[in-house]
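See below for the structure under consideration.
When reading the values below, keep in mind they use all heavy atoms of this one structure, side chains included, and skip hydrogens, waters and symmetry mates. Ligands are counted one by one from 1 in listed order, and the atoms in each one are counted from 1 as well. Being a predicted model, the structure only gives us computed values, none of them experimental. Residue numbers run from 1 in the order of the sequence given.
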Amino acid sequence: MNETDPLILVIEDDPQTRSLLKTNLCNKGWRVIEAEDGKSGILQIKNNNPDLVILDLGLPDLDGISVTKRLRLLSDLPILVLSARSQEQNKIMALDAGADDYLTKPFSIGELHARLQALLRRVKRAGCLEVFQAGELKVDMARRKVFLADVEVHITPIEYRLLAILIRHAGLVVTHRHLLKEVWGIEHIHDQHYLRIYMGQLRHKLEANPTRPRYLLTEVGVGYRLVDDGD
Ligand code: CA
């Protein structure tokens with residue numbers, strides 16, 4: 001382990017989950033620091049400047065949404081929230097407050113690694129992604145052109161904007177609210193039917209089987225996730 005390995009802060013009051021996370025992240029070669037409540041978590045961020053935060057939504061002092069809001073005032077670092085099944089609404093609020101993605105407990109280690117890799121990749125390539133590729137889907141970001149198995153697919157400007165946002169967050173969930181705000185503006189954040197229509201069109205153009213999408217996945221009740229094949 002050395003200084004250049006990603007430093008991950010785990011904010012979680014349950015010792016069992018914390019030790020499970022620590023063991024698995026250390027096995028992966030990542031460095032781990034821990035906090036058992038929101039206030040000490042925020043302090044750890046100020047003092048240790050971690051690369052990523054795993055934040056449990058149910059903490060004894062501050063709730064995860066307040067922690068997310070406070071963290072966002074301090075830093076742009078990636079936040080992965082852990083939520084129990086009973087915290088569906090909190091999970092969406094945390095995402096809207098600036099968390100980047102979530103895992104629902106109980107989660108598999110495979111899912112955990114995939115989410116963390118996607119978050120760390122997002123940071124690494126922020127602003128400088130020229131070509132996005134996943135399977136047969138290729139998007140030339142500079143020329144705003146989309147290809148499927150090397151054949152150009154014609155998409156409309158709105159479809160492109162939707163796709164570009166999902167690409168910026170590849171592998172991560174993007175909430176309905178976030179997409180509506182970025183593409184149509186704040187006055188349309190409740191017009192979910194816009195998304196259904198345009199995502200339907202995109203799937204028709206990009207998916208072999210639009211009803212069983214391979215690239216543009218639905219996160220029920222939350223938003224959409226573009227598959228990220230890795231680097
Ligand atoms: Ca908890």
Side-chain angles (χ1 to χ4, degrees), residues 1 5-123 169-178 217-225 228:
M1 232 170 276
D5 294 329
L7 178 65
I8 303 195
L9 169 63
V10 176
I11 308 179
E12 161 70 88
D13 58 320
D14 175 41
Q16 243 177 321
T17 311
R18 224 167 47 228
S19 101
L20 171 89
L21 285 167
K22 182 164 188 171
T23 308
N24 282 285
L25 299 177
C26 290
N27 284 343
K28 195 90 182 152
W30 291 330
R31 295 173 296 148
V32 178
I33 47 178
E34 304 166 64
E36 52 187 42
D37 58 44
K39 282 181 187 144
S40 53
I42 290 167
L43 206 63
Q44 289 263 31
I45 288 170
K46 289 181 180 159
N47 293 340
N48 295 306
N49 192 26
D51 297 297
L52 190 153
V53 175
I54 299 177
L55 169 65
D56 179 38
L57 284 183
L59 294 169
D61 57 345
L62 300 165
D63 67 86
I65 299 156
S66 329
V67 178
T68 302
K69 286 182 182 158
R70 291 196 194 185
L71 290 194
R72 277 292 166 259
L73 293 175
L74 294 173
S75 139
D76 191 32
L77 88 175
I79 303 173
L80 176 69
V81 296
L82 300 180
S83 76
R85 285 206 189 280
S86 57
Q87 295 169 321
E88 281 295 292
Q89 201 49 43
N90 288 4
K91 167 176 97 188
I92 297 171
M93 285 165 75
L95 291 168
D96 284 331
D100 297 276
D101 206 345
Y102 68 93
L103 275 178
T104 306
K105 294 177 182 177
F107 50 85
S108 75
I109 297 307
E111 274 179 299
L112 171 72
H113 285 166
R115 294 288 181 280
L116 295 177
Q117 297 280 19
L119 282 168
L120 293 169
R121 269 200 297 271
R122 192 212 67 183
V123 174
H169 300 267
L172 306 172
V173 73
V174 186
T175 63
H176 296 133
R177 192 188 164 94
H178 182 132
L217 310 182
T218 296
E219 292 275 322
V220 179
V222 182
Y224 296 92
R225 183 189 301 274
D228 185 9

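- Contact check on K105 versus E12 returns a salt bridge, with a Lys/Arg side-chain nitrogen under 4.0 Å from an Asp/Glu carboxylate oxygen.
- The side chain to side chain donor-acceptor pair (under 3.5 Å) test applied to D63 returns S66, not counting sequence neighbours.
- D100 places no side-chain N or O within donor-acceptor distance of the main-chain N or O of L119, the cut-off being under 3.5 Å.
- Using a 4.0 Å cut-off between charged side-chain N and carboxylate O, D37 and R18 make no salt bridge.
- Tally of protein N, O or S atoms closer to the Ca ion (ligand 1) than 3.0 Å: 3.
- To the nearest 0.5 Å, atom CG of residue L82 and atom CG of residue L55 are 7.5 Å apart.
- With hydrogens and angles ignored, the 3.5 Å screen pairs a side-chain donor or acceptor of D51 with a backbone N or O of L7.
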